[in-house]
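Just follow the structure's listing: the first ligand is 1, and inside any ligand the first atom is 1. Keep in mind that what you see is a predicted model, and the values were worked out from it rather than measured.
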Amino acid sequence: MKLLVCGGAGFIGSNFVRQRVVDHGDAVTVLDKLTYAGREENLADLRDREGFAFVRAGIEDADAVAQAIDGVDAVVNFAAETHVDRSIAEPDAFVRTHAVGTWVLLEAARAAGVRYLQVSTDEVYGSIEEGSFSESSPLAPSSPYSATKAGADLLVSSYFHTYGLQTVICRGSNNYGPYQYPEKLIPLMILNALHGDRLPVYGDGMQVRNWLYVEDFGRAIGHVLEHGAPGEVYNVGGPDECPNIEVVKRIIELTGADEGQLEYVTDRPGHDRRYSLGSEKIRALGWEPQVDFSQGLEQTVSWYRDNPAWWEPIRSGDYREYYERQYGSKIKD
Ligand SMILES: NC(=O)c1ccc[n+]([C@@H]2O[C@H](COP(=O)([O-])OP(=O)(O)OC[C@H]3O[C@@H](n4cnc5c(N)ncnc54)[C@H](O)[C@@H]3O)[C@@H](O)[C@H]2O)c1
């Protein structure tokens, strides 16, 4: 297969591209704007592979997209602003990328007559106290991040119904694993734990997430691309649910950090209490997660411990300013 992978230099996108190039022998063009979260270093091992190409551009750039889409079989769109805290402080880029960017990609896919897969999130359903969301649950997003992602999903579905574009949507639960930018809970806590920094937990830490190892999500997206039915949505939930405070305590154990580093901080406004996805539909299609949370978390801690060359430039760059603004304290050198 020949794929155009948008946002392929970010966390999930780069893991997905690695699977497609190495395990499936696909030719992949990555189109990525390289925002603070996207890094070419995430794809460094693939740079010299035959069939791999990288284009630096935004998905809202219609000319760049039209060139990059030429000759591909399908478009997979990961490109997004992904941090809820940033969407609360500065929603502009979320609207631009999720609304305008998705529209530009859909138009290009329509003109080229190629399949289109949108990568989406469980956050579009909002919070659920008990049970799990199915693909037909109503969308009830709480943050500018999830609201603009929900808008993008609706636009994608409209292109199936209105123009017959062959679309599929994959809604994943919270991902974790290698190459995740340290503003997100798990890498933030791992790096702070390893450095002896405080471990800031929002509110009471009882927000429950349905953790999905990034390689399992990549396999699900590949599976839906090959076997999914046009016009359908597939939920991709992880095998385990765990409250944030429990995640942090497990990281403390795995890194040998001190429980005294834990600090409860003011909760995020509109913070969803619990996400949970029912994944029966994609399981019926033949996918299931292979990595449970204990194993995945151990692998993730080892990866961050073994790859300081990946995170040192981040922790010593603009991220420090973001961190100070967000948590009102400094991280150690
Ligand atoms: N991280 C999660 O837990 C999770 C869970 C479910 C779904 N998702 C979805 O998966 C996708 C990828 O998430 P991630 O965690 O890898 O995010 P990320 O922030 O690590 O990566 C996003 C990538 O998109 C690129 N990008 C941003 N705006 C762009 C634009 N306008 N044009 C081109 N490229 C642009 C960035 O440079 C970066 O490489 C997103 O759509 C997100 O909503 C994430």
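Counting only distance, with no hydrogens or angles, the side chain of Gln67 and the backbone of Ala64 share no donor-acceptor pair below 3.5 Å. Remark: the backbone N or O of Arg209 is not paired with any side-chain donor or acceptor of Glu241 at under 3.5 angstrom.
Some N or O of Thr97 is nearer than 3.5 Å to an N or O of ligand 1, by distance alone. Below 3.5 Å of separation, one finds an N or O of Lys149 facing an N or O of ligand 1.
Close approach of ligand 1 to Asn175 (heavy-atom distance below 4.0 Å) involves ligand atoms 2 (C), 3 (O), 5 (C). Under a 4.0 Å criterion applied to the non-hydrogen atoms of Gly58, ligand 1 contributes the atoms 32 (N), 33 (C). Listed by atom number, the atoms of ligand 1 under 4.0 Å from Asn174 heavy atoms are 3 (O). If you number the atoms of ligand 1 from 1 as listed, the ones under 4.0 Å from a heavy atom of Thr35 come out as 27 (C), 28 (N), 36 (C), 37 (O). Applying the 4.0 Å criterion to heavy atoms of Ala37 picks out, from ligand 1, the atoms 19 (O). In the vicinity of Ser120, heavy-atom distances shorter than 4.0 Å reach the ligand 1 atoms 6 (C), 7 (C).
Side-chain contact check for Arg320 versus Lys330: every heavy-atom pair is 4.5 Å or farther apart. Between Phe293 and Arg250 the shortest side-chain heavy-atom distance falls below 4.5 Å. Side-chain contact between Asp26 and Lys2 is absent, with no heavy atoms from C-beta onward closer than 4.5 Å.
Only the backbone of Ser173 comes within 4.0 Å of ligand 1, counting heavy atoms alone; no side-chain atom from C-beta on gets that close. When non-hydrogen atoms are compared, ligand 1 lies under 4.0 Å from the side chain of Glu60 (C-beta onward) but not from its backbone. When heavy-atom distances to ligand 1 are checked against a 4.0 Å cut-off, Cys6 has no atom that comes that close, whether in backbone or side chain. With a heavy-atom cut-off of 4.0 Å, Leu34 touches ligand 1 through its backbone alone. Neither the backbone nor the side chain of His83 has any atom closer than 4.0 Å to an atom of ligand 1 (non-hydrogen atoms only).
The protein non-hydrogen atom at the shortest distance from atom 33 (C) of ligand 1 is Lys33 N, 3.3 Å. Looking only at heavy atoms of the protein, atom 8 (N) of ligand 1 is closest to Ile12 CD1, 3.9 Å. Summary of contacts: the protein heavy atom closest to atom 37 (O) of ligand 1 is Asp32 OD1, 2.6 Å. If you check which protein heavy atom lies closest to atom 40 (C) of ligand 1, you get Phe78 O, 3.3 Å. The nearest heavy-atom contact from the protein to atom 6 (C) of ligand 1 is Gly172 O, 3.3 Å. At the top of the distance list for atom 42 (C) of ligand 1, counting protein heavy atoms only, stands Tyr145 OH, 3.5 Å. Atom 15 (O) of ligand 1 has its closest protein heavy atom at Phe11 CD2, 3.6 Å. For atom 13 (O) of ligand 1, the nearest protein heavy atom (residue, atom name, distance) is Thr82 CG2, 3.6 Å.
Under the side-chain contact (heavy atoms from CB on, under 4.5 Å) rule, Asn210 has a single partner from Leu277, Asn235, Asn174, which is Leu277.
A salt bridge links Lys33 with Glu60: the distance from a Lys NZ or Arg NE/NH1/NH2 to an Asp or Glu carboxylate oxygen falls below 4.0 Å. Ion pairing between Arg86 and Glu183 holds under the 4.0 Å rule for side-chain N and carboxylate O.
Within the set Ala80, Ala57, Gly8, the minimum heavy-atom distance to atom 26 (N) of ligand 1 is found for Ala80.
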As a quick check of understanding, evaluate salt bridge (Lys or Arg N to Asp or Glu O under 4.0 Å) for Glu232 and Lys281, giving each step before the final call.
CA-CA 10 Å; Glu232 293 295 319; Lys281 189 168 167 183; 2.6 Å; yes
Carefully, step by step, assess Tyr36 and His83 under the rule side chain to side chain donor-acceptor pair (under 3.5 Å).
CA-CA 11 Å; Tyr36 75 94; His83 194 39; over 6 Å; no
Please lay out, stage by stage, how Tyr176 and Tyr213 fare under the test ring-ring contact (aromatic ring centres under 6.0 Å, His included).
CA-CA 5 Å; Tyr176 68 103; Tyr213 193 61; 5.4 Å; yes
If you apply the rule side chain to side chain donor-acceptor pair (under 3.5 Å), what do you find for Asn42 with Trp310, and how did you get there?
CA-CA 8 Å; Asn42 293 355; Trp310 184 84; 2.7 Å; yes
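Under the 3.5 Å distance criterion, with hydrogens and angles disregarded, no donor-acceptor pair is assigned to the side chains of Tyr304 and Asn307.
Ring orientation note: the planes of Phe94 and His98 are nearly perpendicular, at an angle over 60° on the 30°/60° scale.
Judged by the shortest distance from any of its heavy atoms, Gly101 lies outside the 4.0 Å radius around the atoms of ligand 1. In this structure, Ser14 falls outside the shell of residues with a heavy atom less than 4.0 angstrom from ligand 1.
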